[in-house]
Amino acid sequence: MGIIRRRSGSVSITTVSLPGMALSYIALVAWSFVVLFPLYWLAITSLKTPLDVNSGPFYIPWRDFQPNLDSWHYIFVDLGEDTFRPYLNTVVVGLTSTAITVILGSMAAYGLVRMRYRVTLGAIASFAVGLALTVVLLIQHWALPLAALAGLALFVLLLQTVARRSKRAVGNDDIAFWMISQRMLPPVAVVIPIVVWLMRDYFQSVPLELEESAAIDGASPYRIFRSIVLPLAVPGLVATFLFVLVFAWNEYLIALFLTSANAQTLPLTVAAQNATRGPQWWYMSVLILIMIGPVIAMAIALERFIARGLLVGAVKG
């Protein structure tokens, strides 16, 4: 994009030439089409009959096909409770798991930013051995309190003997690097480390002088975190909350293995439409639309917080 120079000779980074502006609008329109066309396709597919779907593709309602609400009637009336129960389960599981994750992740991120850690590799290895012993004893059908006590005793013993000889230690940066390295695993399995990494940058942008002033006035670390740091990090918290909510809302594998019939979430209901007669796209489109609707509405409502949250920490002086 060409940049227009002012008469004074200074360069403006906010004023672009006409060809550059035209290219920008073309790129934006093209990207908008890429983003919005799948939603449009879902909407028109939900208004088609099975015959229209299988004999298509048809793109324009009332010209290529006659829209109807048969699929919507089936999902909301014929299925009824089999639709509303998974939907409610999705809302409860998504919001609850996201809130817990953001709370724990924020506390861990603040600890990494403001508190110095130095843990020896021997202490980490001792903890791993104690945890492994606890798991082995549980497999051998020991009672949980006894297995946990045995693992704790072994951990303390190793910590006071073998671990003392270990000189190499890990600090805050090492812990943060380990967390981001977990991205190689499925996202929902490491969603708390992702939250910690995201919130770490947000908390680093909070001026330390504000916390020091509060500490001088007698505020406890918890009071500083709750009354000063969290309010200043609201944009980051909102952006992270929505980011994690998308993972929890769409989670399929864990819901498949860990939920009973009455606790199933909406992704399982969508997958169930792939019946022996093949994918029933018309029903799946209705379910997907009502599934993504609340997340899209929440993103639009919180857009101003998300935009600020994504920029927090991007420029550091």
Side-chain angles (χ1 to χ4, degrees), residues 84-115 117 127 131 134-135 138 144 148 172 175-176 178-206 220-269 291-299 301-302 305-306 308-310 312-313:
F84 293 116
R85 184 178 62 248
Y87 198 90
L88 179 60
N89 293 338
T90 302
V91 173
V92 173
V93 171
L95 294 179
T96 303
S97 60
T98 301
I100 294 174
T101 299
V102 171
I103 291 173
L104 296 179
S106 298
M107 292 179 177
Y110 182 73
L112 282 178
V113 170
R114 293 293 187 252
M115 303 174 186
Y117 294 95
F127 176 78
L131 182 62
T134 303
V135 173
L138 289 175
L144 178 60
N172 293 52
I175 297 174
W178 173 81
M179 287 185 172
I180 197 61
S181 69
Q182 304 307 302
R183 288 293 289 118
M184 68 182 68
L185 299 175
V188 73
V190 291
V191 69
I192 290 184
I194 293 175
V195 173
V196 173
W197 184 265
L198 292 174
M199 293 305 303
R200 179 172 173 263
D201 282 342
Y202 301 139
F203 290 144
Q204 283 178 337
S205 67
V206 176
S220 65
Y222 172 75
R223 179 66 182 275
I224 294 173
F225 176 71
R226 180 176 61 87
S227 301
I228 297 178
V229 177
L230 286 183
L232 293 176
V234 165
L237 288 171
V238 172
T240 304
F241 182 89
L242 192 61
F243 180 79
V244 177
L245 179 63
V246 171
F247 282 124
W249 197 270
N250 296 328
E251 173 53 32
Y252 173 79
L253 191 61
I254 292 180
L256 177 64
F257 287 105
L258 298 183
T259 59
S260 61
N262 292 329
Q264 289 184 349
T265 54
L266 208 53
L268 300 183
T269 305
M291 180 178 171
I292 66 177
V295 179
I296 294 176
M298 190 177 298
L302 301 176
F305 292 103
I306 297 172
R308 291 170 56 194
L310 293 177
V312 171

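If you're wondering where the values come from, they're calculated on a predicted model, not measured in any experiment. Just so it is clear, the values below take in all heavy atoms, side chains as well, and ignore hydrogens, waters and symmetry mates.
The side chain to side chain contact (heavy atoms under 4.5 Å, CB included) check on Ala255 picks up Thr259, Thr265, Leu268, with sequence neighbours excluded. For Ala99, there are no side chain to side chain contact (heavy atoms under 4.5 Å, CB included) partners two or more places apart in sequence or in a different chain. Pro294 meets the side chain to side chain contact (heavy atoms under 4.5 Å, CB included) test with Tyr87, Trp249; sequence neighbours excluded. Residues meeting the side chain to side chain contact (heavy atoms under 4.5 Å, CB included) test with Ile103, sequence neighbours left out: Met107. Phe84 meets the ring pair (Phe, Tyr, Trp, His ring centres under 6.0 Å) test with Phe76; sequence neighbours excluded.
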Is there a side chain to side chain contact (heavy atoms under 4.5 Å, CB included) between Phe203 and Ser106 once you walk through the steps?
-> CA-CA 9 Å; Phe203 290 144; Ser106 298; 4.1 Å; yes
Tell me, with the steps shown, if Tyr110 and Ile224 meet side chain to side chain contact (heavy atoms under 4.5 Å, CB included).
-> CA-CA 11 Å; Tyr110 182 73; Ile224 294 173; 4.0 Å; yes
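Contact detail for Ala108 and Val196: the closest heavy-atom pair is CB-CG2, 3.7 Å. Minimum interatomic distance between Glu251 and Ile254 (heavy atoms only, all atoms of both residues): OE2-N, 2.6 Å. The minimum heavy-atom distance between Ala109 and Met199, with the atom names listed, is CB-CB, 3.6 Å.
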Show me, pair by pair, the donor-acceptor contacts under 3.5 angstrom made by side chains of residues 88-95, not counting sequence neighbours?
from  : atom 1 : to     : atom 2 : distance (Å)
Asn89 : ND2    : Arg85  : O      : 3.2
Asn89 : ND2    : Asn262 : O      : 3.0
Asn89 : ND2    : Gln264 : O      : 2.9
Thr90 : OG1    : Pro86  : O      : 2.8
Thr90 : OG1    : Leu266 : N      : 2.7

Identify each donor-acceptor pair in which a side-chain atom of residues 225-247 lies under 3.5 Å from a protein atom, sequence neighbours left out, and give them as a table.
from   : atom 1 : to     : atom 2 : distance (Å)
Ser227 : OG     : Arg223 : O      : 3.4
Ser227 : OG     : Arg223 : NE     : 2.9
Thr240 : OG1    : Gly236 : O      : 2.8

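Residues in residues 102-115 take part in these salt bridge (charged side-chain N to carboxylate O under 4.0 Å, His left out) pairs, two or more places apart or across chains: Arg114-Glu211.
Between Leu131 atom CG and Phe127 atom CZ the span is 5.0 Å, to the nearest 0.5 Å.
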